[in-house]
Protein chains: 2
Amino acid sequence: MAKMDISTEGKIKAAAKKLFTKNGFEATRTRDIAEEAGINLALLNYYFRSKQKLFEVVMRENVTLFLGSILETINKNQHLTFDEKIELLIDQYIDMLLANPDLPFFILSISRTEEFKKDDSDNPILQSMKLMRASFMQTILADIQSGKLKPVHPLHIISNLMSMIVFPFAASALLKTRTGISDEEFEKLMLERKKLIPVWIKAMFDN
Amino acid sequence: MAKMDISTEGKIKAAAKKLFTKNGFEATRTRDIAEEAGINLALLNYYFRSKQKLFEVVMRENVTLFLGSILETINKNQHLTFDEKIELLIDQYIDMLLANPDLPFFILSISRTEEFKKDDSDNPILQSMKLMRASFMQTILADIQSGKLKPVHPLHIISNLMSMIVFPFAASALLKTRTGISDEEFEKLMLERKKLIPVWIKAMFDN
DNA sequence: GTCTATAGGGTGATAGAC
DNA sequence: GTCTATCACCCTATAGAC
């Protein structure tokens, strides 16, 4: 849970975040946000001017949440080896997703919009991410050259890492209804994956 | 592309499929479907009674498309070994997704709705899938017992297989904008994965 | 079957009192 | 800052002519 904000503006933002993240822009009614926040509909426009503006605030926060945890983990642990960083990243990322299970689907849905493609230069977190991805690709290429990793396009490694961490959350509704597992079993499986994914990545790509 | 249907009903269904699959139920206007189909708005209701009913038709077709190719591949190749079936399935599935790149996101989005959870018993393709998944899990458990596979929850194997095939398509917009790869490079990478994913699965789970 | 016109209801946004 | 009341628009669905 994010920190409690009892100001009216904070309540609106929290309600909007909850509903937009779960149901997306189109399926969310401003009336529902107002009701969820326990305030009047007119106040929503008083504080945020429009539904669109409010959505952009939520979008920005969710992107920061989704990418911020990666950046923080990597930046605050420069002393670790590459492999150790990956392990730590997976561990912390799965914790974050267990606390915010709707985030992956939300990110996937906004990534399909035109606005998202333009929102490049003015979001500092996206810029940091760009740099991190570049250095990540660089490290992989060096490890391929030195024979530590198998020769394969770095995007396959990044895709598989992302896939294995994020996809089960994006598809959790599907997994739960189809296989009949409970929320508790799902969480247990995701926690298991913290230890398994690093091993799998090594098995796939190490020489 | 699906087979061309020049009847009015067929034109409406094709237009609805295109727009619903790309943008989902809420973001799609019946007016847009009518325009896309080149027909009058009233005809949409004449043929399909309501937006909701039309969406359900499209949903049913997309679920069939998404699961049907798996079932067909498996059923028509009983003579192959388990590993060979997996290889064939991956190959054909990636081809299907290259032809229908919006399908994964569509399936993920409908899986999050309440209607989808109830739509269990009355869809024959979902019943077939249930049976196939059961036999799949059975085979995996037997292979674990015989020592062929590492001892791990079968859902991890299924999740990783699904993740590696489907996720890059669900996240293709993200991958393309963020890494700057072109549509052609994306397709090339996905085709590469046809041969790579079977190898990766073996590396992860074989003893 | 296909069209035009319009009903009927919901949605985002604002005016104006307090 | 917060509320009530309401506008203006958009959307789905249908009535009714051809």
Side-chain angles (χ1 to χ4, degrees), chain A residues 3-62 106 109-110 112-116 118-119, chain B residues 3-62 102 106 109-110 112-116 119:
Chain A
K3 57 194 168 303
M4 197 71 142
D5 188 340
I6 45 81
S7 73
T8 299
E9 188 176 348
K11 281 192 288 185
I12 296 172
K13 199 157 71 177
K17 194 168 183 174
K18 176 176 170 182
L19 296 180
F20 278 144
T21 305
K22 187 160 200 165
N23 305 322
F25 180 79
E26 305 277 358
T28 302
R29 309 283 97 106
T30 52
R31 279 170 168 76
D32 297 336
I33 296 174
E35 192 186 355
E36 173 79 27
I39 54 94
N40 191 276
L41 171 59
L43 283 176
L44 190 150
N45 293 85
Y46 173 76
Y47 280 104
F48 295 95
R49 276 180 39 91
S50 75
K51 180 187 181 185
Q52 183 64 41
K53 295 274 180 206
L54 179 52
F55 184 76
E56 279 161 20
V57 170
V58 171
M59 190 171 102
R60 182 70 55 110
E61 284 199 0
N62 276 341
F106 180 85
S109 60
I110 61 169
R112 297 164 57 86
T113 64
E114 289 302 320
E115 301 98 313
F116 187 72
K118 289 179 293 183
D119 187 52
Chain B
K3 56 196 168 302
M4 197 69 144
D5 187 342
I6 45 81
S7 73
T8 300
E9 188 175 349
K11 280 192 289 185
I12 296 171
K13 198 155 73 175
K17 192 167 185 174
K18 175 175 172 183
L19 296 180
F20 278 142
T21 306
K22 187 160 200 165
N23 304 322
F25 180 79
E26 305 277 359
T28 302
R29 310 283 95 109
T30 50
R31 279 172 167 75
D32 298 336
I33 296 174
E35 193 187 357
E36 174 77 28
I39 53 95
N40 190 277
L41 172 57
L43 283 176
L44 190 149
N45 292 84
Y46 174 76
Y47 280 103
F48 294 95
R49 274 182 39 89
S50 75
K51 181 187 179 183
Q52 184 63 42
K53 296 275 181 205
L54 178 53
F55 183 75
E56 279 159 21
V57 170
V58 170
M59 192 172 99
R60 182 71 54 111
E61 284 200 359
N62 275 342
D102 288 325
F106 179 85
S109 59
I110 62 169
R112 297 164 57 86
T113 64
E114 290 302 321
E115 300 99 311
F116 187 72
D119 188 52

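Every chain is numbered from 1, with letters handed out A, B, ... down the list of sequences. Scope of the values below: all heavy atoms of this structure, side chains included, with no hydrogens, waters or symmetry mates.
Sorted by first then second residue, the salt bridge (charged side-chain N to carboxylate O under 4.0 Å, His left out) pairs that include residues 7-16 of chain A, not counting sequence neighbours, are Lys13(A)-Glu61(A). Listed by first and then second residue, the salt bridge (charged side-chain N to carboxylate O under 4.0 Å, His left out) pairs that reach into residues 33-46 of chain B are Lys18(B)-Glu36(B), sequence neighbours excluded. Every pair passing side chain to side chain donor-acceptor pair (under 3.5 Å) that includes a residue from residues 20-29 of chain B is listed here, sequence neighbours excluded: Thr21(B)-Asn62(B).
If you measure from atom CG of Asp32(B) to atom C1' of dC10(D), you get 12 Å, rounded to the nearest angstrom. Atom CD1 of Ile33(A) is separated from atom P of dA13(C) by 10 Å (rounded to the nearest Å). Rounded to whole Å, the distance from CG on Leu43(B) to C1' on dA17(D) is 14 Å.
Using a 4.0 Å heavy-atom cutoff across all strands shown, Thr28(B) reaches sugar-phosphate atoms only and no base atom.
Expressed to the nearest 0.5 Å, how far CZ of Arg60(A) lies from CD1 of Ile110(A) amounts to 10.5 Å.
Distances shorter than 4.0 Å separate none of the side-chain N or O atoms of Thr30(A) from OP1 or OP2 on dT11(C).
By the side chain to side chain contact (heavy atoms under 4.5 Å, CB included) test, Thr8(B) is found to be paired with Ile12(B), Ile39(B), Leu43(B), Tyr47(B), residues two or more places apart in sequence or in another chain being considered. Phe55(B) meets the ring pair (Phe, Tyr, Trp, His ring centres under 6.0 Å) test with Phe20(B), Phe25(B), Phe106(B); sequence neighbours excluded.
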Annotated protein contacts, base or backbone, on nucleotides 4-10 of chain C with a non-hydrogen cut-off under 4.0 Å, one of B, S, - each: B------

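Looking at residues 44-53 of chain B, you'll see Asn45(B), Arg49(B), Ser50(B), Lys51(B) sit with a heavy atom under 4.0 Å from some atom of DNA chain D.
Annotation for Ile33(A) and Ala15(A): closest pair O-CB, 3.6 Å, computed over non-hydrogen atoms.
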